[in-house]
Amino acid sequence: MRTISTSVIIGLMETTRKNLSDTKVLLTITVSKKDLVAAEQAALKTLSRTVKVAGFRAGKVPAGVAAKHVDPAALQDESLNNALNNAVTEAFITEKIQPLDRPSVEVQKFVPGELLEFTAEVEIVPKVKLGDYKHLKAKQEPAKVTDIDVEEIIERMRTGFATREEVDRGAKVGDEILMDFVGKKEDVAFDGGTAKDYTLAIGSGQFIPGFEEGIVGHKAGEEFDIDLDFPADYHAKELAGTKVVFSVTLKKVLEPKLPEVDNDFAAKAGPFKTVAELKADITREISSQKDREAHEKYKDALITELVEKSTVPTPDILVEDHMRSIEQDFERNLAYQGLNLDSYFVTNKFKDADDWRDKEVRPTATRRVQAGLVLAELTSAENVKATDAEVDEHVEVHKKQYANNEDALKQFETAEVRRDIANHFLTEKTIEHLITLNGGTASHSH
């Protein structure tokens, strides 16, 4: 932690800077009498707009007249705020400080119109010392497509084209069944545990462990019970870890009939005359996907290596901000899967929310902040720019994704959204530049 102090006189204002750490600064500022008088005059001008004086129209009262009618306490507060804001702004510019938040201000001495001394503590964008970014060791792994990769896609397509034939035998894994069922806990049907004419592919893992296994061997027309325990980490707390009974009526057992992989199959799958053409197309698609995945992995590896080689002070305020964002996104994604944080904690052996934040959320947020700061410094060091034309092009690409959503399209007209898109594009451009500097091949997808 550095605590070096420096003093500077700005006009008639004196500022002493103390670096509390690489990410936090304390300024002690003494404001001159001249600046206090100017702040008071500005305050009087503001307050005179609301003063009512006989013989003058509202907002047209001269400052000299208004001075006799304004509330002295209001004038003092307004003057003080003006002086503080002006002094802080001036000190930040002179000291080349990029604040990350509003400063914490504490008045030490104040005599209206005569003397003002105060401190301003603020978290700042830290100075990043870049490591050697032109000789990084990370390499992009070549994408390899195996026969097994292609066969897996073919099998999925066969399943999609399969016909289903009703059979008079016990159900087995791979079959599709039609059933009614009622789930009961202590002889009482529970919410979400009852269905009629429900179709289930045996082996798909749609139900809790033991359910599908309990159907195997049973024939159409049979009625039977399956005794089960809900998993301890089940998302519905009222069912987690409890004993239940499912009463099942099996109506149909259907055996899938997979088509042969021949030229007719290839023609059904797309504009292909032969199986060889189909497989060649699948190979190209898989190769393209694996290339994209390998490129993303390579980018992450380069950035991680550069962060490790650089000196990157990490402001708490940025980490906390990223943590909030990560938590919100994570909870939303869990909800889409019908899960919640409590079940996630149990499954992943976290004691509670604080344990999860310390072990998973904070490290992730810290890595993201460090990556952002390093890339911002690299953008500056290499003078990477995004032209208005490039930003316009990317705004249009984003607009096309929301072509049918008028509210979303309006957002693209705002300066804030345009700035976000520009910043994201500039970051991507910097990463691709980093790849080029290290002998890699830049992607043109951005």
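Quantities reported herein were computed from a predicted structural model and do not represent experimental measurements. All values below were derived from every heavy atom in this structure, side-chain atoms included, with hydrogens, water molecules and symmetry-related copies excluded.
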Report task. Evaluate the side chain to side chain donor-acceptor pair (under 3.5 Å) criterion for residues Q289 and E285: first the C-alpha distance (whole Å), next the side-chain angles of each, then the deciding distance (0.1 Å), finally the verdict. Result -> CA-CA 6 Å; Q289 184 184 338; E285 283 294 319; over 6 Å; no

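- In summary, the side chains of R368 and T364 do not present any donor paired with an acceptor at a separation below 3.5 Å, with no hydrogens or angles considered.
- Counting non-hydrogen atoms of neighbouring residues, nucleotides and ligands closer than 6.0 angstrom, the CG atom of D132 exceeds 12 such neighbours.
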Requested in this report: Please report the C-alpha distance between D187 and K184 in whole Å, then the side-chain angles of each, then the deciding distance to 0.1 Å, and finally whether the salt bridge (Lys or Arg N to Asp or Glu O under 4.0 Å) criterion is met.
Outcome: CA-CA 5 Å; D187 289 332; K184 293 182 179 180; over 6 Å; no

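- The pair K172-D175 fails the salt-bridge criterion, with no side-chain N (NZ, NE, NH1 or NH2) lying under 4.0 Å from an Asp/Glu carboxylate O.
- T314 and T366 form no side-chain donor-acceptor contact under 3.5 Å, judged by distance and modelled atom types alone.
- Comment: E413 engages K399 in a salt bridge, judged by a side-chain N to carboxylate O separation of less than 4.0 angstrom.
- Here the shortest heavy-atom pairing between K429 and K385 reads NZ-O, 2.7 Å.
- A salt bridge does not link E416 to R419: none of the charged nitrogens lies less than 4.0 Å from a carboxylate oxygen.
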Query raised in the report: What do the steps show when you test K18 against T28 for side-chain contact (heavy atoms from CB on, under 4.5 Å), and what is the final call?
Result: CA-CA 8 Å; K18 190 176 187 180; T28 302; over 6 Å; no

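- Shown here is F161, whose CZ atom has more than 12 heavy atoms of other residues, nucleotides or ligands within 6.0 Å.
- Here the side chain of N86 pairs no donor or acceptor atom with the backbone of A83 at under 3.5 angstrom.
- Taken from CG in L318 to OG1 in T23, the straight-line distance is 9.0 Å, to the nearest 0.5 Å.
- With D321 contributing its side chain and I317 its backbone, the two residues share no donor-acceptor pair below 3.5 Å.
- Side-chain contact between Q140 and K299 is absent, with no heavy atoms from C-beta onward closer than 4.5 Å.
- Ring pair F207/F246 is perpendicular by interplanar angle, where above 60° counts as perpendicular and below 30° as parallel.
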Query - Full working for side chain to side chain donor-acceptor pair (under 3.5 Å) between Y402 and Q411 - result: CA-CA 11 Å; Y402 296 91; Q411 294 294 313; over 6 Å; no

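- Distance CD1/I202 to CD1/I177: 4.0 Å, rounded to 0.5 Å.
- Checked by atom type and distance alone, the side chain of T414 never pairs as donor or acceptor with a backbone atom of K410 at under 3.5 Å.
- By the 4.0 Å N-to-carboxylate-O rule, E238 lies too far from K185 to be salt-bridged with it.
- Of the options V369, T311, L130, a side-chain contact (heavy atoms from CB on, under 4.5 Å) to V374 is made by L130 and by none of the others.
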Query raised in the report: salt bridge (Lys or Arg N to Asp or Glu O under 4.0 Å) between R357 and D352: does it pass, once the steps are laid out?
Result: CA-CA 9 Å; R357 287 189 190 102; D352 52 26; over 6 Å; no

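- With rounding to the nearest 0.5 angstrom, the NZ atom of K109 is 11.0 Å from the CG atom of L116.
- The CG atom of L200 sits 5.0 Å away from atom CD of Q206, with the distance rounded to the nearest 0.5 Å.
- In this structure, F412 and H398 have tilted ring planes: the angle between them lies in the 30° to 60° band.
- A donor-acceptor distance shorter than 3.5 angstrom exists from the side chain of D149 to the backbone of T146, with no hydrogens or angles considered.
- Here the CG atom belonging to L437 is positioned 6.0 Å from the NZ atom belonging to K134, to the nearest 0.5 angstrom.
- Counted by atom type alone, Y344 and Q337 present zero donor-acceptor pairs between their side chains at under 3.5 Å.
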Requested in this report: Evaluate the criterion salt bridge (Lys or Arg N to Asp or Glu O under 4.0 Å) for residue pair D329 and R332; output intermediate values, then yes/no.
Outcome: CA-CA 5 Å; D329 290 346; R332 200 178 297 120; 3.0 Å; yes

Requested in this report: Under the salt bridge (Lys or Arg N to Asp or Glu O under 4.0 Å) rule, what do R102 and E123 come out as? Steps first, then yes or no, please.
Outcome: CA-CA 9 Å; R102 291 177 66 85; E123 285 210 66; over 6 Å; no

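- Around atom CD of Q401, more than 12 heavy atoms belonging to other residues, nucleotides or ligands sit under 6.0 Å away.
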